[in-house]
Amino acid sequence: MNLILLGPPGSGKGTQSSRLAKEFKLAHISTGEILREAVRSKSYLGEKANHYIHTGQLVPDEVMIEIVQERLKALDCKEGFLLDGFPRTIHQAEMLEAFTRIHLVVALKVEEEECVQRLASRKTCPGCGLTYNPVNHPPKKENVCDQCGAVLILRGDDKPETVRERLKVYVKLTAPLIEYYQRTGRLEFVDGTLAPDKILQNLKNMLQSKILLWK
Ligand code: AMP
C-alpha cells in the first residue's frame with residue numbers, strides 16, 4: 001500500500017504519518033525530515049536547502065524529485081510507503097506518477113487560522129523529530145521528548161513570519177493537489193481538528209476499510 005498524507009503545515013501530518021506508518025508497517029518518508037537531517041549534517045544538499053527551509057519556500061522540484069525517486073528504491077519501500085510532505089506541487093505529483101503507483105491520498109482538514117495557532121506553540125524534538133503541543137499533545141515531562149529524552153525546541157521555520165509564508169506557499173502550490181487527486185478518485189478527507197488519538201483511529205478505520213475493498 002503506497003500512501004500520501006496531505007495537509008497544511010501544522011495540520012499534524014508529521015505526527016499522524018509516523019504513527020500510521022508504524023501501525024501499517026510502511027516506510028515513513030518525510031521529505032522535511034530528510035532535508036533537516038541534511039542541514040544538520042552540513043551536506044551539500046543541506047547547504048542548498050537551508051535557505052529555502054528558513055524562509056518558508058519550497059526546495060526546487062528537481063532536487064526533491066531526485067531525493068524521493070532514490071529513496072523509493074530502498075528495500076523498506078517494497079511492501080509499501082507513506083509519503084509525508086511530498087508531493088508539494090503539481091509537477092512533483094506528475095513526476096511521482098511516472099515512477100511509482102500511489103493507491104491512496106489522505107488529506108487532513110484543518111483551517112488555516114488553527115494551523116497558525118498550533119505552530120506558534122509547537123515544540124519539536126531535535127533528536128527524533130517528534131512534535132508536541134501544550135494544548136492537545138503535551139510531553140509527559142515539560143519540554144522533554146517522551147521518546148528520546150532530548151530537550152524540545154521551537155523549530156526555526158515555526159517562527160510566526162515563516163509560518164505565514166509557509167501557509168501562503170501551501171495555498172498557492174500545494175492545495176491544488178487536492179483537486180488533482182480528487183479527479184483520479186484516490187482522495188479521502190479526514191478531520192484534523194480532533195484529538196490526535198481520535199484522528200489516528202479514524203485514519204486506521206478508513207485505511208482498513210480500503211484494504212478490505214482492495215482484497
Ligand atoms: P515539512 O517538515 O514537511 O513541513 O517541510 C519543511 C520544509 O522543507 C518546507 O517548508 C520546505 O522548505 C522543505 N520541503 C519539504 N518537503 C518539500 C517538498 N516536497 N518540496 C519542496 N520543499 C520541501
Side-chain angles (χ1 to χ4, degrees), residues 1-9 11-41 43 45-46 49 53 58-59 61-89 91-108 124-131 137 145-148 150 155 174 177-178 180-181 184 186-190 192 196-197 199-215:
M1 180 169 55
N2 301 336
L3 299 179
I4 294 173
L5 201 59
L6 272 182
S11 59
K13 81 183 147 48
T15 306
Q16 295 300 337
S17 295
S18 69
R19 296 175 72 183
L20 203 60
K22 262 191 211 129
E23 292 274 347
F24 287 85
K25 298 193 171 50
L26 303 170
H28 175 205
I29 304 171
S30 157
T31 45
E33 212 28 67
I34 292 173
L35 293 171
R36 282 186 290 279
E37 178 50 36
V39 171
R40 281 195 288 271
S41 65
S43 67
L45 168 67
I53 296 174
L58 294 186
V59 173
D61 281 349
E62 279 56 40
V63 176
M64 298 312 302
I65 290 160
E66 200 183 318
I67 292 174
V68 172
Q69 190 165 15
E70 277 309 303
R71 178 64 185 85
L72 291 182
K73 287 180 189 160
L75 214 60
D76 67 335
C77 296
K78 293 283 174 282
E79 297 297 316
F81 56 81
L82 194 169
L83 283 168
D84 157 14
F86 187 96
R88 259 180 156 96
T89 64
H91 181 56
Q92 290 182 10
E94 286 170 348
M95 294 309 290
L96 184 65
E97 292 292 307
F99 56 76
T100 194
R101 177 157 180 241
I102 298 297
H103 300 98
L104 188 69
V105 181
V106 184
L108 278 177
T124 303
C125 174
C128 66
L130 273 187
T131 57
H137 182 219
C145 178
D146 294 348
Q147 184 163 277
C148 69
R155 223 169 81 179
T174 310
L177 288 174
I178 297 204
Y180 174 87
Y181 285 116
T184 59
R186 284 175 293 173
L187 188 83
E188 291 289 334
F189 287 103
V190 166
D197 287 347
I199 300 173
L200 182 67
Q201 193 54 54
N202 290 346
L203 284 165
K204 277 163 59 179
N205 293 345
M206 193 264 292
L207 284 185
Q208 258 139 12
S209 67
K210 290 281 170 196
I211 291 169
L212 286 178
L213 275 179
W214 291 332
K215 273 184 182 162

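Position 1 is the first residue of the sequence; numbering continues from there.
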Query raised in the report: Please walk me through it: do Leu96 and Ile4 pass side chain to side chain contact (heavy atoms under 4.5 Å, CB included)?
Result: CA-CA 11 Å; Leu96 184 65; Ile4 294 173; 3.9 Å; yes
Query - Candidate pair Leu20 and Leu200, rule side chain to side chain contact (heavy atoms under 4.5 Å, CB included), full reasoning - result: CA-CA 7 Å; Leu20 203 60; Leu200 182 67; 4.0 Å; yes
**Report entry** Between Gln201 and Asn205: side-chain donor-acceptor atoms closer than 3.5 Å
**Finding:**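 The answer is yes; a qualifying pair exists.
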Quick one: are [X] and [Y] in side-chain contact, heavy atoms under 4.5 Å?
| X | Y | answer |
| --- | --- | --- |
| Ser30 | Ser17 | no |
| Tyr181 | Leu104 | no |
| Lys204 | Glu23 | yes |
| Thr89 | Met95 | no |

Requested in this report: Just jot down the salt bridge (Lys or Arg N to Asp or Glu O under 4.0 Å) partners of Arg40, sequence neighbours excluded, or say none.
Outcome: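 Arg40 satisfies salt bridge (Lys or Arg N to Asp or Glu O under 4.0 Å) with Glu33, Glu37 once adjacent residues are dropped.
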Query - Salt-bridge present (Glu79, Lys25; N to O < 4.0 Å) - result: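 Salt bridge between Glu79 and Lys25, a charged N being under 4.0 Å from a carboxylate O: no.
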Report task. Tell me, with the steps shown, if Leu3 and Leu207 meet side chain to side chain contact (heavy atoms under 4.5 Å, CB included). Result -> CA-CA 10 Å; Leu3 299 179; Leu207 284 185; 3.6 Å; yes
Report task. Looking only at non-hydrogen atoms, find the nearest pair between Gly127 and Cys148 and report the distance. Result ->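 Heavy-atom minimum between the residues: CA-SG, 4.3 Å.
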Requested in this report: Would you please test Thr100 and Cys77 for side chain to side chain contact (heavy atoms under 4.5 Å, CB included) and show each step?
Outcome: CA-CA 11 Å; Thr100 194; Cys77 296; over 6 Å; no
Query raised in the report: Is the number of heavy atoms from other residues, nucleotides or ligands under 6.0 Å of Glu66 CD greater than 12?
Result: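 Atom CD in Glu66 is not crowded, with 12 or fewer foreign heavy atoms closer than 6.0 Å.
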